[in-house]
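Structure first, then comments.
Lettering of chains follows the sequences in order, A, B, ..., and the numbering in each one begins at 1.
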Amino acid sequence: MRYWLMKSEPSVYSIDDLAKEKTAAWQGVRNYQARNLMRDGMRLGDRAFFYHSNCEEPGIVGIVEVRRLAYPDETQFNRNSEYFDPASTRRNPRWLNVDVGFMRKTRLVSLDELRRHKALAGMQVLKRGNRLSVTPVTAVEWQFVMKLLRRGTARPPGEDGPP
DNA sequence: GCCAACGTTGGC
DNA sequence: GCCAACGTTGGC
């Protein structure tokens with residue numbers, strides 16, 4: 001199983017929206033690198049952190065799974081969609097999306113908290129100038145964040161508390 | 001193929 | 001709303 005981090009602006013599509021919908025097409029990705037990661041990297045059952053971006057409290061807010069492999073993003077064909085791409089055709093679609101399924105909400109693991117842990121310093125989402133809406137997460141990074149979640153509340157690195 | 005101009009992302 | 005950091009576009 002592979003691990004990912006997927007960004008969404010909560011004002012556009014939030015973890016609560018997905019919690020209601022259960023499964024959703026991850027539409028609107030208009031970046032070739034992110035598209036290629038979905039197309040070539042994602043497998044059924046892969047897990048991803050749902051990340052709220054461009055908002056008051058950016059950070060991880062939930063966990064989702066890949067429920068359908070990449071297929072053409074319908075919004076690119078829709079003239080009325082903000083994601084419409086006149087250069088894309090049904091025969092030769094340019095943009096793809098996977099379907100993701102809701103697993104659970106998590107407490108907010110804020111961008112600030114992520115940055116405080118050395119173990120996560122390599123996470124792509126933390127790198128300067130990063131703009132990719134889909135990024136790979138290593139198994140080690142995934143497990144580390146899962147441990148933070150199990151621990152419950154935010155705590156500075158190096159401070160061992162009760163289990 | 002270069003690269004300046006432009007558009008977008010996203011934290012702050 | 002600002003602006004740094006990118007990605008894309010298009011003239012040459």
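If you check every strand for non-hydrogen atoms under 4.0 Å, A/Arg30 touches nothing.
The listed nucleotides are C/dG7, B/dG10, B/dC12; the one nearest the side chain of A/Lys7 is B/dG10. With distances taken from any side-chain atom of A/Tyr32 to the nucleotides B/dC12, C/dA5, C/dT8, the minimum falls on C/dT8. Side-chain atoms of A/Asn31 lie closest to C/dG7 of the nucleotides B/dG11, B/dG10, C/dG7. Ranking B/dC12, C/dA5, B/dG10 by closeness to the A/Glu9 side chain, first place goes to B/dG10. Minimum atom distance to the side chain of A/Arg115 is reached by B/dC12, of the listed C/dA5, B/dC12, B/dG10.
Taking atom CD on A/Glu82 and atom C1' on B/dT9, their separation rounds to 14 Å, with Å as the unit. As a whole-Å value, the separation of A/Leu132 CG from C/dA5 P is 17 Å. A/Glu57 has its CD atom 14 Å from the C1' atom of B/dC12, to the nearest Å. One atom, CG of A/Leu114, and another, C1' of B/dG11, lie 14 Å apart when rounded to the nearest Å. Atom-to-atom, CG of A/Asn54 to C1' of C/dC2 comes out at 13 Å; the value is rounded to the nearest Å. One atom, CD of A/Glu56, and another, P of B/dG10, lie 18 Å apart when rounded to the nearest Å. When rounded to the nearest whole Å, the span between OH of A/Tyr13 and P of B/dG10 equals 18 Å. Between A/Leu5 atom CG and B/dG10 atom P there is a gap of 11 Å when expressed in whole angstrom units.
Look at A/Lys20 and A/Asp16 and you find no salt bridge, because none of the NZ, NE, NH1 or NH2 atoms lies under 4.0 Å from a carboxylate O. Using a 4.0 Å cut-off between charged side-chain N and carboxylate O, A/Glu74 and A/Arg90 make a salt bridge.
Phosphate proximity of B/dG11 to A/Tyr51: present, with a side-chain N or O under 4.0 Å from OP1 or OP2.
For the residue pair A/Thr106 and A/Gly62, the shortest heavy atom distance occurs at OG1-N, 3.3 Å.
Aromatic ring orientation, A/Trp142 versus A/Phe49: parallel (interplanar angle below 30°, classes split at 30° and 60°).
Rounding to the nearest 0.5 Å gives a distance of 10.5 Å between OG1 of A/Thr135 and CD of A/Gln33.
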